[in-house]
2 protein chains.
Amino acid sequence: MTLRIPLLLTAEIVPFAICTERLAVLLVQQATTWRLPGGPVGGEEDLDAAARRHLAEQTGLGEIYLEQLYTFGEPNRDSGQRAVAVAYYALVRAGFSLADAVPAIAETRWVAVDDMPVLALDHAAIVTLARRRLAAKLAYSTIALQLMPECFTLSQLQAVHEIILGELLDKRNFRKRILALDCIEATGEMARQYGHRPARLFRAKRPGQVDFIK
Amino acid sequence: MTLRIPLLLTAEIVPFAICTERLAVLLVQQATTWRLPGGPVGGEEDLDAAARRHLAEQTGLGEIYLEQLYTFGEPNRDSGQRAVAVAYYALVRAGFSLADAVPAIAETRWVAVDDMPVLALDHAAIVTLARRRLAAKLAYSTIALQLMPECFTLSQLQAVHEIILGELLDKRNFRKRILALDCIEATGEMARQYGHRPARLFRAKRPGQVDFIK
DNA sequence: TTGCAATAGTGTAAAAACAACACTAATATA
DNA sequence: TATATTAGTGTTGTTTTTACACTATTGCAA
């Protein structure tokens, strides 16, 4: 029972954001291949902390929503060595700025989930699972708010839902449903867009929190 | 990146069944304390396989529904050593027989979830999370069928739902809903109970499979 | 043999949730 | 001042969900 097996335990993160109207993942380049940000869990480090640390070190992203996804431990997932990966996904608010954060120590790029290059190890499977989970959670939680900037319009929120679900939603029904959840409130400000009627701005009532609904 | 940290990786399982009208967990006695079945993951062993192996070795349970729940890795969850636990939950069909299976190598006991004794490490938290997940899954999957014997009556299935949810359900509405899912079919046989009208027996249409619904 | 106790089995109506649908409002620019 | 563009708003029909009560079949006991 107290046997310590030699293995590599890593945390891997799927950082999602909406980029140019598409759901995108932040990838890290290692030599010639792309992989998810992540790396070994420290000897005295919490799993979540390891995920946050690697994400910050490799991409500059901090202070974002993070949720454990699944643990991958097939003996052959990393050729040669025994590696177990605790996978997470993270949600990055639109309007985030990598530049604001700690400089990344790796080459990174946002890539649309539908245009993923070949990824290291089983990272493609991790992305696929994360994407399914995110889409499923839209239906029964307020998780989409974690992808929004502090202030946003209802049209922007609807676009985020549509992009993740891959289908168009009815504007009136969407607004009715979201407002009934009582998870956002009008700021009183208007978005100063150009060429058309300005939109009311909203903010999350409980910004850090993801509520279950229904 | 290739650092191998010394740590104990275990698989821990929460085996659920309905015992005497209550949701129960199969516990294993170790010295004077109770714990979940489980133990170290082998050096070349898949995580799921490790969970199944320990469950079989320690309790005699095999061939049952198993699903990964969450990975617990707080540095101090096991005093002294660094231990990471990949937690699973398992569903045991009513009418199962431990005696049929391989003899268990440990003292085991089914304990109602509402009467749990003090458990080793963070196993109480694992049970709590597993219980929440199971209850949530009732709403959007056919997972309850994994707790049923091959043939069962609708009243029995309803009782299982009621026990897990902790609330009574309307008989007619329950039947309508379950039958509409098209996940069970009548066997044509009747349950030979005594003292009242016999009930029709049903079986799962796809016994091994858990379908998502709605 | 008849009555009682116990669980099985069945339908309808009201309420709530969801889905479909089209026009007016406010702004920037040409 | 006309046009293009997006914001914003209610109603109606359909579907889903909920609430609800009686008859049927059996074993057992009187």
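To find a chain, count down the sequence lines: A is the first, B the second, and so on, and within it residues start at 1.
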Checklist line | Integer-rounded Å distance: C:dA17 C1' and A:Phe174 CZ | finding: 17 Å
Note to self: Classify the ring geometry of B:His161 against B:Phe174: parallel below 30°, tilted from 30° to 60°, perpendicular beyond 60°.
What the structure shows: perpendicular
Notebook entry, point to check: OP1 or OP2 of C:dA8 sitting under 4.0 Å from any side-chain N/O of B:Ser155?
Noted result: yes
Checklist line | Side-chain donor or acceptor of B:Gln146 paired with backbone N/O of B:Pro207 under 3.5 Å | finding: yes
Check: Just how far, in rounded Å, is C1' of C:dA17 from NZ of A:Lys214?
Finding: 9 Å
Item checked: For chain B, the stretch of DNA chain D it reaches, first to last nucleotide, under 4.0 Å of its heavy atoms -> D:dT18 to D:dG27
Atom pairs and distances, side-chain donor-acceptor, residues 189-204 of chain B, under 3.5 Å, sequence neighbours left out:
| unit_1 | atom_1 | unit_2 | atom_2 | d |
| --- | --- | --- | --- | --- |
| B:Arg203 | NE | B:Glu185 | OE2 | 3.2 |

Check: If we ignore angles and hydrogens, is there a donor and acceptor under 3.5 Å between the side chains of B:Gln58 and B:Arg35?
Finding: yes
Next item on the list: Take the protein atom CD of B:Gln158 and the nucleotide atom C1' of C:dT10, then report the distance between them rounded to whole Å.
Entry: 14 Å
Notebook entry, point to check: Quick one: what's the B/S/- string for nucleotides 21-29 of chain C, heavy-atom cutoff under 4.0 Å, read 5' to 3'?
Noted result: BB--BBBS-
Check: Going by heavy atoms closer than 4.0 Å, what residues in residues 138-154 of chain A are next to DNA chain C?
Finding: none
Next item on the list: Answer yes or no: is there a donor N or O on one side and an acceptor on the other, between the side chain of A:Thr142 and the main chain of A:Asp211, under 3.5 Å?
Entry: yes
Check: Do you know the tightest heavy-atom contact between B:Val25 and B:Met116?
Finding: CB-CE, 4.1 Å
Next item on the list: For B:Arg177, answer base if it contacts any base atom (sugar-phosphate contacts may also be present), sugar-phosphate if it contacts only those atoms, and nothing otherwise; contact means non-hydrogen atoms under 4.0 Å.
Entry: nothing
Note to self: Quick check against the 3.5 Å criterion: does B:Thr10 have a side-chain atom that pairs as donor or acceptor with the backbone of B:Glu12?
What the structure shows: no
Note to self: Under a 3.5 Å cutoff, is there a donor and acceptor pairing between the side chains of A:Glu67 and A:Tyr89?
What the structure shows: yes
Check: Just how far, in rounded Å, is P of C:dA19 from CD of A:Glu167?
Finding: 10 Å
Next item on the list: Mark yes when over 12 heavy atoms from residues, nucleotides or ligands other than B:Arg109 sit less than 6.0 Å from its CZ; otherwise mark no.
Entry: no
Checklist line | Between A:Thr128 and A:Arg133, a side-chain donor and acceptor under 3.5 Å | finding: no
Margin query: Going by the rule side-chain contact (heavy atoms from CB on, under 4.5 Å), which residues pair with B:Ala112 if we only count those two or more places apart in sequence or in a different chain?
Written below: B:Arg22, B:Asp115
Note to self: Below 4.0 angstrom, which residues in residues 178-191 of chain B have at least one non-hydrogen atom near DNA chain D?
What the structure shows: none
